[in-house]
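Remember, it's 1-based here, ligands and their atoms both numbered in the order they're listed. All values reported here derive from a predicted model rather than from experimental measurement.
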Amino acid sequence: MNTQDTQRLQEFLDKNPIITIIPHTNPDGDAIGSSLGLYLFLKAQNHNVKVITPTDFPDFLKWMPAADNILIYPNHEKEAQERIESSTLIFTLDFNNLLRAKPLTPFLEKATAPFVMIDHHQQPDTYATITYSNDKASSTCELVYHTIVSLASEQVIDEAIATCLYTGIMTDTGGFRYSLTSPTTHRIVATLLEKGANCTRISSEVLDSYSLDRLQLLGNVLRGLVYLPEYKTAYMSISSKELKQFNFRKGDTEGFVNYGLRIKEAELAAIFIENEEENVIKISFRSKTNLDVNALARTYFNGGGHINAAGGGTHTSLKDTIALFLKVLPEFLSSPNAYYKEL
Ligand code: 5GP
Ligand code: MN
């Protein structure tokens, strides 16, 4: 965060605001980690602060420090709405467009508080009074680390904050593998380890915590994977019937899409997941090198994200969504937008 924005943020904080922190809908490790890391920092400074998630989050993140203090909107609708209404400072973390906070979007649009956006996705919207957006950062947790150091110092980072920030960096870098994993990322991670983050425990809680049903759902999905050598593309799909068969719980399909890229030649992986209740097909894309799945998701699937990890959705059937994907794929791959230039 630059000096001017740090000063402006400090001025807001000096007024003892009622602070609410909002991560994106279906929050992942980075969304929850950054929200809780910032929450714990502000709490330690005696601020009145609350995290509200637009939807519930997976069990493999529920062990995190202060996770019990999160207000999950669908479980506490009225309280969450009132809190947003009475807030005098709102942080939005790990997203840059209020539509990504569904079903909280209308309440956020009505809110009178100034917004502070901390995010690392491309093409940020302009709703925030302070926008700290850097699409070269590995994770929002990395940006929250810088925010805390700018506002206070490294010394205020305790074991709990370090654990939260480490979790988000680990998950958003795919275990320090993805292209935005930088020397700075590793330096921050080294500091977080020094502050007490336990890398073995964290990876075990997040990654080695499958239920048998979840592992078998993965087996089933992988058996149905389709690989298209001419497009170097792997795709998978999961129907709501399969989700029921394997007793789906929130977060169970997290990370499945990445398996498509395990094929040596594959450059693009997609997964299509039917959500019968919400009447949507949720799509995740992943890519290697500079193949820009953010462009793919934005252009054809109402979505967005990063160059190598993006998502979107449709309101048609699973079959029609896959048919649309297969139709637009050759067109997209031969378009000038397909490959990001600067990487
Ligand atoms: P995932 O595939 O894991 O849900 O998301 C991959 C990345 O794309 C994340 O950074 C996420 O924030 C972003 N993303 C996922 N779905 C959507 C969507 O529907 N719209 C937008 N704008 N971004 C999305
Ligand atoms: Mn993120």
Side-chain angles (χ1 to χ4, degrees), residues 22-38 53-55 57-58 60-61 91-103 105 117-125 127 132-145 164-176 178-181 185 188 206 235-238 250-261 268-273 275 278 280-287 292-315 321 325:
I22 316 269
H24 59 75
T25 187
N26 292 323
D28 56 10
D30 189 32
I32 296 291
S34 58
S35 296
L36 288 176
L38 182 64
T53 57
T55 56
F57 56 101
F60 61 76
L61 299 174
F91 286 88
T92 64
L93 295 196
D94 203 31
F95 67 97
N96 61 18
N97 177 327
L98 292 181
L99 289 172
R100 290 279 296 139
K102 270 184 200 159
T105 311
M117 177 206 298
I118 306 181
D119 181 61
H120 68 132
H121 292 88
Q122 293 178 300
Q123 292 134 308
D125 212 344
Y127 60 83
Y132 181 27
S133 162
N134 178 356
D135 64 12
K136 302 287 182 295
S138 72
S139 53
T140 299
C141 279
E142 202 172 308
L143 301 178
V144 166
Y145 174 89
C164 295
L165 299 183
Y166 183 98
T167 302
I169 298 175
M170 182 193 80
T171 54
D172 254 32
T173 58
F176 317 105
Y178 300 155
S179 62
L180 295 174
T181 311
T185 312
I188 293 172
V206 177
Y235 72 89
M236 297 165 262
S237 67
I238 313 180
K250 205 158 197 72
D252 276 358
T253 57
E254 192 97 14
F256 283 13
V257 62
N258 297 304
Y259 283 93
L261 292 183
L268 174 63
I271 193 164
F272 305 92
I273 303 171
N275 182 335
E278 290 175 27
V280 296
I281 307 297
K282 173 77 184 86
I283 310 169
S284 289
F285 295 116
R286 297 292 185 270
S287 68
D292 188 355
V293 289
N294 172 43
L296 175 64
R298 268 178 195 270
T299 312
Y300 303 101
F301 298 101
N302 244 324
H306 311 277
I307 296 157
N308 295 130
T314 68
H315 292 289
T321 305
F325 173 66

Is the backbone of [Y] close enough, under 3.5 Å, to the side chain of [X] for a donor and an acceptor to pair up by distance?
X: His24; Y: Arg100; result: no
X: Asp119; Y: Phe95; result: yes
X: Asp30; Y: Thr140; result: yes
X: Asn26; Y: Thr55; result: no
X: Thr105; Y: Leu98; result: yes
X: Ser139; Y: Gly168; result: no

Taking 4.0 Å as the limit for heavy-atom contacts, which would you say applies to Lys282 with ligand 1: side chain only, backbone only, both, or neither?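 Answer for Lys282: side chain.
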Where does Arg100 meet ligand 1, judged by heavy-atom distances below 4.0 Å: at the side chain, the backbone, both, or neither?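 The part of Arg100 near ligand 1 is the side chain, not the backbone.
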Only N/O/S atoms count here: what is the atom of Asp30 closest to the Mn ion (ligand 2) called?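 Of the nitrogen, oxygen and sulfur atoms in Asp30, the Mn ion (ligand 2) lies nearest to OD2.
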Restricting to N, O or S atoms, which atom of Asp172 is closest to the Mn ion (ligand 2)?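 Result for Asp172 and the Mn ion (ligand 2): OD2.
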Mark up the atoms of ligand 1 that fall under 4.0 Å of a heavy atom belonging to [X], in ascending order.
X: His306; answer: 10 (O)
X: Gly312; answer: 16 (N), 19 (O)
X: Ser284; answer: 1 (P), 2 (O), 4 (O)
X: Gly305; answer: 8 (O), 13 (C), 23 (N)

Under 3.5 Å, is there a donor on one side chain and an acceptor on the other for Asn294 and Arg298?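 There is such a pair (donor and acceptor under 3.5 Å, judged by atom type) between the side chains of Asn294 and Arg298.
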May I ask you to identify the nearest protein heavy atom to [atom], giving residue, atom name and distance to one decimal place in Å?
atom: atom 18 (C) of ligand 1; value: Gly311 O, 3.5 Å
atom: atom 7 (C) of ligand 1; value: Ala309 O, 3.5 Å
atom: atom 13 (C) of ligand 1; value: Gly304 O, 3.6 Å

Which one of Arg286, His120, His121, Gln123 has a non-hydrogen atom at the shortest distance from atom 9 (C) of ligand 1?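 Shortest heavy-atom distance from atom 9 (C) of ligand 1: His121.
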Test of geometry: compute the angle OD1(Asp94)-the Mn ion (ligand 2)-NE2(His120) and round it to 10°.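 With the Mn ion (ligand 2) as the vertex, the angle is close to 90°.
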Are any N, O or S atoms from Asp28 nearer to the Mn ion (ligand 2) than 2.8 Å?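 Here the distance criterion (N, O or S atom, under 2.8 Å) is not met by Asp28, so no.
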Plane angle bin for His121 and His306 - parallel if under 30°, tilted between 30 and 60°, otherwise perpendicular: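 Aromatic pair His306/His121 classed parallel.
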Is the number of heavy atoms from other residues, nucleotides or ligands within 6.0 Å of CD (Gln123) greater than 12?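 Yes, CD of Gln123 has more than 12 neighbouring heavy atoms, counting only those of other groups under 6.0 Å.
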